[in-house]
Amino acid sequence: MATYDTLNAQQYEAVTTTEGALLIIAGAGSGKTRVLTHRTAYLIEEKGINPYNIMAITFTNKAASEMRERIDNMVGFGAESIWVTTFHSTCVRILRRFADHIGFDTSFTIYDADDQKQVMKEVCKRLEIDTKIYKEKMFLNVISSAKDNLTDPTEFALNATGDYARQRQAQVYREYQAVLKKNNAMDFDDLIMKTVELFKSDVEVLDYYQERFKYIMVDEYQDTNTAQFELIRLLAGKYGNLCVVGDDDQSIYKFRGANIRNILNFEQYFPQAKVIKLEQNYRSTQNILDAANSVIAHNVGRKQKVLWTDQAAGEKIHFKQFDTAYDEAEYVAADIEKQVRAGGSYSDSAVLYRTNAQSRMFEERFIAENIPYKLVGGVNFYARKEIKDILAYLKTIDNAKDDLAVKRIINIPKRGIGATTINKVQTYADGNEMSFYDAAKIADEIPTVGRSAAKIAPFVTFIQTMRSKANFLSVPELIQNIIQDTGYVRELEAENTPEADARVENIDELISKAVTYEESTEVPTLSGFLEEVALVADIDEVVEGSEYVVLMTLHSAKGLEFPNVYLAGLEDGLFPSYMTITSDNADEEMEEERRLCYVGITRAMKRLTITSAKMRMVRGETMYSKVSRFVSEIPVDLLSGTVATGKSIPRPSQTEKTSPYVNAAKQILREKPIVKVPVKAFSTNATDQMTLSYREGDRVHHIKFGEGTVTQIIAGGRDYEVTVDFDRFGTKKMFASFAKLKKV
DNA sequence: CCTACTACGCTTTTT
DNA sequence: GCGTAGTAGG
């Protein structure tokens, strides 16, 4: 039984308004997740709605799993049948079932930014486009925003008449889609657009989902783009029970297609819509809120609202200007240490900045001071070369229609298969309407390939073997097999450099993610794992309450809160960015930057420090800047501290390079907290750290194979190799740390 | 076909 | 100032 009397009047109204269209304008820290979870419970408990008919959509996996957890705790029975997912995974789920209705194979793969660029390169070559003049990235941006607006290549071409550049883009768009289709792949934007296409072309499928999702809730509604809006509009088209929660002041993804009109004009799309504002803030002190309110008040195009709190004024906002970015980082590091010494925890603090490049200085300082930190963003874990290589193997094993994946690893490790051979196979594949892999399989029949066919054969054999093994091996075991047989890790270890060691660690990390996947999924499959991996963002990995300082961009910080926040690099030219200041559309873009600033300020619960530097290196050039205009939008009486000058501690001379020690440490520490973290559940090194709960002759249970008897245990270098005779699957050899066998 | 060097692109933000 | 991709030479 959920209690609803802890809600304030507006929250209560939002929770109990269940029918029709509802727009909840939820200011920062006003308890919107609470409202959504209570509303879900209310629907089920008080209105008798079947959990099966409820859907809650968010943008990140993190937000989704948080909500999932809170709903599970509140609702209990039946909670698992509520769809609590992201836009992207919702669409994948639908497309996995019905993609064949729009001419795709339901086993399509999902392309990330890297893959997209690869495809675009190919397209540009084919259309003889000089990529020195027209960048691949430019085309990808154009295509992405076309898809955000549901413009297909045909419509795009129609709108391009009379404009040569746009006609060319239309050509590229068409060709790009053709390649994706041929590879049976979709990019991120396709996932949304194709689902909308499916709904529009197939009334039965649409009706099926409309009947299923009678009550729909959308979180972070201000970030929806036109395609996403269309998706939910279609889904809610029959019953009209659509509840959206958002804050126009926190709309910071316009550059990525988010359409702020979706929230500002909600009442026009749904004339009977009810609007509820949540303005009481439960997160921050009065001073922090006052600062946030006065900054955002400088924006014109917004829904009027003023956050208030019954909390005390609290500390003033600390402001410091430094001579250099180095001094800034040094101050922040020292201040964090001070807070910790005073009884705080590292996890209370977060450093927020405008651009990822700013993280470097803080990382170096934190390493020097031995401050545990977690870096969010930058190069995504799954975008790392070694991870992509392993994943490409898995993709090839899972679905060899993905030419990109096959070509990526056909010569990794070196098999003596060069560009010439690959091109010959590709030409043959193109000419015979088959996939690259299928052509490779019959390489010896391709006349042009000649003697090189002998080099391709072992690769094909390996993949075929792995395919048959994939039927009974778990994902971690498959990965283990791949790195064994290809010698991938062995090669890295032989390099014996900190960089290579870091790569090995990343691979270990991937294995442990696969183990987690196996354990947390009811029916684990290779496709399932690849899919999950394709849809994760870095922010999903942040575990709240962990013992480290978080470093991230302001964009990544949305939705999070920390007792002690540092907003770094508040300089005109950096934040707001130079691009914004000099834009043709400066007024509008400045408002988005200001909203970003508002998001940053409102992350802070108790203590907020704003810093800036007079001088900093950007791309190797020294940049001098004034304090950000946003700082002057905060009333002076809310600020304490001043411009720090002169007395800074000696810093490394300009010529001195970063010490190799720091670089090595960074490699190892990236993505990982430094100290004091609980021992990882999974460890790949030294068997002496492991004790097995079973011995030879014992009966054990395996997540996939069920019960069996242990016939042999061999201690290997890194792990125990356990042989089990399974009742239903026969004898299998497996590594103890992956298999997670339980004694029965 | 592989290795070593050079060039360039990045830096506003990412599901 | 860094990392990757492309190219030229072996």
Side-chain angles (χ1 to χ4, degrees), chain A residues 57-64 85-92 110 112-114 116-118 121 131-132 135-138 140-141 144 147-148 187-192 220 223-225 227-228 251-258 352-361 376-380 382-385 388 411 413-422 451-452 455 499 534-540 552-559 569 573-583 589-590 592-593 595-596 599-600 616-623 654-655 657-658 663 666-667:
Chain A
I57 296 198
T58 65
F59 278 85
T60 66
N61 295 303
K62 184 174 191 291
T85 49
T86 64
F87 273 100
H88 295 274
S89 45
T90 297
C91 290
V92 171
I110 302 163
D112 66 9
D114 226 57
Q116 288 180 282
K117 202 175 167 198
Q118 223 58 44
K121 223 176 254 171
T131 51
K132 284 203 174 98
K135 303 274 185 302
E136 288 100 329
K137 225 180 150 189
M138 181 274 288
L140 286 170
N141 283 336
S144 175
K147 288 177 179 176
D148 287 345
D187 63 24
F188 281 112
D189 302 311
D190 280 332
L191 295 176
I192 315 283
E220 304 283 10
D223 292 335
T224 50
N225 62 33
Q228 287 156 341
S251 163
I252 54 175
Y253 284 109
K254 183 167 170 258
F255 72 93
R256 219 178 64 202
L352 311 181
Y353 37 76
R354 182 66 176 82
T355 70
N356 276 312
Q358 286 167 260
S359 68
R360 175 179 243 108
M361 206 61 94
V376 178
V379 186
N380 188 316
Y382 293 101
R384 284 158 203 271
K385 206 171 89 184
K388 289 215 74 172
N411 199 31
K414 302 253 173 333
R415 296 185 176 92
I417 305 164
T420 336
T421 312
I422 292 175
R451 278 173 291 129
S452 302
K455 291 174 176 161
E499 287 80 11
L535 296 174
V536 272
D538 263 5
I539 189 67
D540 300 334
M552 64 183 144
T553 63
L554 288 151
H555 283 85
S556 305
K558 187 162 62 80
L574 185 63
F575 185 32
S577 79
Y578 182 73
M579 295 289 250
T580 306
I581 297 170
T582 57
S583 157
E589 289 189 23
M590 191 60 73
E592 176 133 326
E593 293 280 297
R595 289 193 291 269
L596 196 52
V599 167
R616 79 168 67 228
M617 293 278 267
V618 177
R619 264 182 288 168
E621 279 180 69
T622 312
M623 184 180 93
Q654 299 291 349
T655 48
K657 289 189 81 177
T658 313
N663 273 332
K666 234 161 58 175
Q667 274 294 331

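Naming: A, B, ... by sequence-line order, numbering from 1 per chain. These numbers were taken from a predicted model, which means no experiment stands behind them.
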Output one line per pair: protein atom, nucleotide atom from nucleotides 4-10 of chain C, and distance, for all N/O pairs under 3.5 Å.
from: C/dG6; atom 1: OP1; to: A/K121; atom 2: NZ; distance (Å): 2.9

Inset, instruction - Hey, which sits more toward the 5' end of DNA chain B by its nearest nucleotide, A/K135 or A/S577? - result: A/K135
Inset, instruction - Could I get the full list of ring pair (Phe, Tyr, Trp, His ring centres under 6.0 Å) partners for A/F87, not counting sequence neighbours? - result: A/F59
Inset, instruction - Classify the nucleic acid contact of A/T86 as base, sugar-phosphate or nothing, counting any heavy atom under 4.0 Å across all strands shown. - result: nothing
Inset, instruction - Determine the minimum heavy-atom distance between A/N225 and A/G257, stating which atoms define it. - result: CB-O, 3.0 Å
Inset, instruction - Using a strict 4.0 Å threshold on nitrogen-to-oxygen distance, state whether A/R256 and A/D223 make a salt bridge. - result: no
Legend entry - Test: A/E220 and A/K558 ion pair at under 4.0 Å: yes
Inset, instruction - Figure out the CG/P separation between A/N225 and B/dT15, and round it to whole Å. - result: 14 Å
Inset, instruction - Please state whether the phosphate of B/dT13, meaning OP1 or OP2, lies under 4.0 angstrom from any side-chain nitrogen or oxygen of A/S556. - result: no
Using atom names, set out every protein N or O paired with an N or O of nucleotides 4-7 of chain B below 3.5 Å, distance rounded to 0.1 Å.
none

Legend entry - B/dC2 phosphate, OP1 or OP2, under 4.0 Å from A/N411 side-chain N/O: yes
Legend entry - Partners passing ring pair (Phe, Tyr, Trp, His ring centres under 6.0 Å) against A/Y253 (at least two apart in sequence or in another chain): A/F255, A/H555
Inset, instruction - Figure out the CE/P separation between A/M617 and C/dC2, and round it to whole Å. - result: 10 Å
Legend entry - Length of the line joining A/L554:CG and B/dT11:P, which is rounded to integer Å: 17 Å
Inset, instruction - Kindly compute the distance separating OG (A/S577) from CE (A/M590), expressed to the nearest 0.5 Å. - result: 8.0 Å
Inset, instruction - Give a yes/no verdict on base stacking between B/dT13 and A/F255: centres under 5.5 Å, planes within less than 30° of parallel. - result: yes
Inset, instruction - Whole angstrom is fine here: how far is it from CG in A/N356 over to P in B/dT11? - result: 9 Å
Inset, instruction - Can you sort out the partners of A/R415 under side chain to side chain donor-acceptor pair (under 3.5 Å), two or more places apart, ordered by chain and number? - result: A/Y393
Legend entry - side chain to side chain donor-acceptor pair (under 3.5 Å) partners for A/S251, two or more places apart: none
